[in-house]
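A short worksheet on the structure shown next.
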2 protein chains.
Amino acid sequence: MITDSLLKFVPFSHDELNEILAQFEKEYVKKNEVLLNKGKVCSKLYFVDKGIGRSFYLKNDGKEVTQWFFGNGSFMSSVDSFFQQSPSFYSIDIIEDSVLYSITKERMDLLLAKYHHMEKFIRLLSIETLAKFVQKLNALQFQTAKERYNYMLTEYPEISHRVPLGYISSYLGMSQETLSRIRSND
Amino acid sequence: MITDSLLKFVPFSHDELNEILAQFEKEYVKKNEVLLNKGKVCSKLYFVDKGIGRSFYLKNDGKEVTQWFFGNGSFMSSVDSFFQQSPSFYSIDIIEDSVLYSITKERMDLLLAKYHHMEKFIRLLSIETLAKFVQKLNALQFQTAKERYNYMLTEYPEISHRVPLGYISSYLGMSQETLSRIRSND
DNA sequence: TTCACTTTTTGACATAGGTCAAAGGAAATT
DNA sequence: AATTTCCTTTGACCTATGTCAAAAAGTGAA
C-alpha cells in the first residue's frame, strides 16, 4: 500500500522502491498512544497503513483542538517540524489501533540526497498537502459552521464516522455543542 | 535579490544559478493589473523583487476576499494550480507598481528535471509555504479578531501599513468595520 | 479650491455561535 | 448485571462579530 502511494506521484524504479521501503519500519500502535509531543522536534515521518491518527494541540484553557486527521494511506507527521527540524506546534496521537510505517529524518535525508526521484516525491507530497491546507483555510475563513461540517462529510466521510464528535468539532473550529445541534437539525 | 532567495535554501553552484536566473523574465507591472484569473491554470511563478501582490477571490455576494499577500522577496503564484496545473481557486493581482521576475511552468519543469538542487529548492520552498499556511490556519481557527490583527502586525508589519484596510480585514477573516474598530480601540 | 470618488469610521441593531450546566446514552470495567 | 466513565444532546443565556446605513476623512483630478 505504501508502494502505491509512492508510485502515485513518481515512477520509482524497482531498485529505488526496494531501498526506500527498506528504510521504513513497521509499527503497531495502540489507541491513545502519543507519537509526538508539542514542543519536541518531529523525528519521524509516518505512513498510515491502517487506522487513524491526528495532530492536535492544547489551548491555554486546556482544551484539545484537532488540527488534522490522518487516515488510511496518508503520510503523517508535523510536516514543518519534521523537515525543518523545528519544535512542533502540535502533538500527534493515535485514535484507533493502527499499523504504521515510519522513517527517521536521517534516513529520509539520505534518500533525498541520493535520489532525485525522492526529492521530487517529497516536493509533490508537500504541494498536495499544501493544497489541502488551502482548502481547509477557505472553509474556515468563508463558510458557516454547517457548510464546514458538510465539507468534512464529503472530504473525509470515513473519518467523520469513526472519531468522537469533539475531535471533529474542534477540527472544524466550532464547539461540540454547535456541531451536535447541526447534526441533529437534519 | 532573487539570488539571495535561491541561496537561502540550497547552495546552488555558479553555473546552476546562471542557468536558473536566465529562465526568469523581468516584468514591470502596474497597480491593479491582474496576473491570474480564478478558474485559469496558473502558468507562471513570480518572484516579487519590489512591490506587493495578493491572491484573492470573489465570494458569491461579490465581495473580494484576500487570501494571501506577497511582499518583497517572496515567490508568488497560485502554488497548487501552478505545480499541479489545475484550475486556480484564486485570482492574483498587483496592489502597488511592482517589479517581478517570472518563470513559466515549462521552464520550471526543465530546471526541476535537470537539477536535483532545483527539486530540493522547490521542496523546501513548498514546506516553508506550508508552514506559513499552518500558522494562518491556527490564527483563524483559534484566535479572536484582535489577536489575529496583532499577529498580522508582527508577521507582516510592512504590508499592514501599505494596503487598504478592506484587504487586510478580509485576509484576516473579519469585516472591515470590525477591523476599523479594533484599530481605533487602542 | 472645488468637486467627485474612494476609504475609513461610527452608530444601531441583528445573529451565529459560544459557554455553562444538566440530563441522557453508550461503552468499558468490575 | 452493575457500576463507572466517557460521549452526546439539550436548554438557557451571553457575546463577539456581522450587517446596514450614514457621516467623516482622505485623495486626486480639473
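Quick note on labels: first sequence line is chain A, next is B, and so on, each numbered from 1. What you see is a predicted model; the values in this text were computed from it and never measured. Only heavy atoms go into these numbers, but all of them, side chains included; no hydrogens, no water, no symmetry mates.
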From [atom1] of [X] over to [atom2] of [N], roughly how many Å is that when rounded to an integer?
X: B/I95; N: C/dT7; atom1: CD1; atom2: C1'; answer: 15 Å
X: B/E177; N: D/dG18; atom1: CD; atom2: C1'; answer: 8 Å
X: B/Q143; N: D/dT17; atom1: CD; atom2: P; answer: 11 Å
X: B/M174; N: D/dT15; atom1: CE; atom2: P; answer: 20 Å
X: B/Q176; N: D/dC20; atom1: CD; atom2: P; answer: 14 Å
X: A/I168; N: D/dT9; atom1: CD1; atom2: P; answer: 11 Å
X: A/L179; N: C/dA16; atom1: CG; atom2: P; answer: 17 Å
X: A/K63; N: C/dC20; atom1: NZ; atom2: C1'; answer: 9 Å

Is the gap between the ring centers of [X] and [Y] under 6.0 Å?
X: B/F69; Y: B/Y171; answer: yes
X: A/F121; Y: A/F75; answer: yes
X: A/F70; Y: A/Y46; answer: no

task = Considering just the side-chain nitrogens and oxygens of B/S184, establish if one lies under 4.0 Å of OP1 or OP2 belonging to C/dT10.
result =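 Affirmative; the distance criterion is met.
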Short side-chain N/O contact to D/dG18 OP1/OP2 from B/T178, under 4.0 Å =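 Answer yes for this pair, as a side-chain N or O of B/T178 is under 4.0 Å from OP1 or OP2.
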ask   = Checking A/N72 side chain against A/G51 main chain: does a donor-acceptor pair fall under 3.5 Å?
value = yes
request  = Choose from C/dG17, C/dT19, D/dT8 the nucleotide whose nearest atom is closest to any side-chain atom of A/S175.
outcome  = C/dT19
query = Do B/R183 side-chain and C/dT7 base share a donor-acceptor contact under 3.5 Å?
reply = no
key: Check: D/dG11 base within 3.5 Å donor-acceptor of A/R181 side chain   =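 Indeed there is one.
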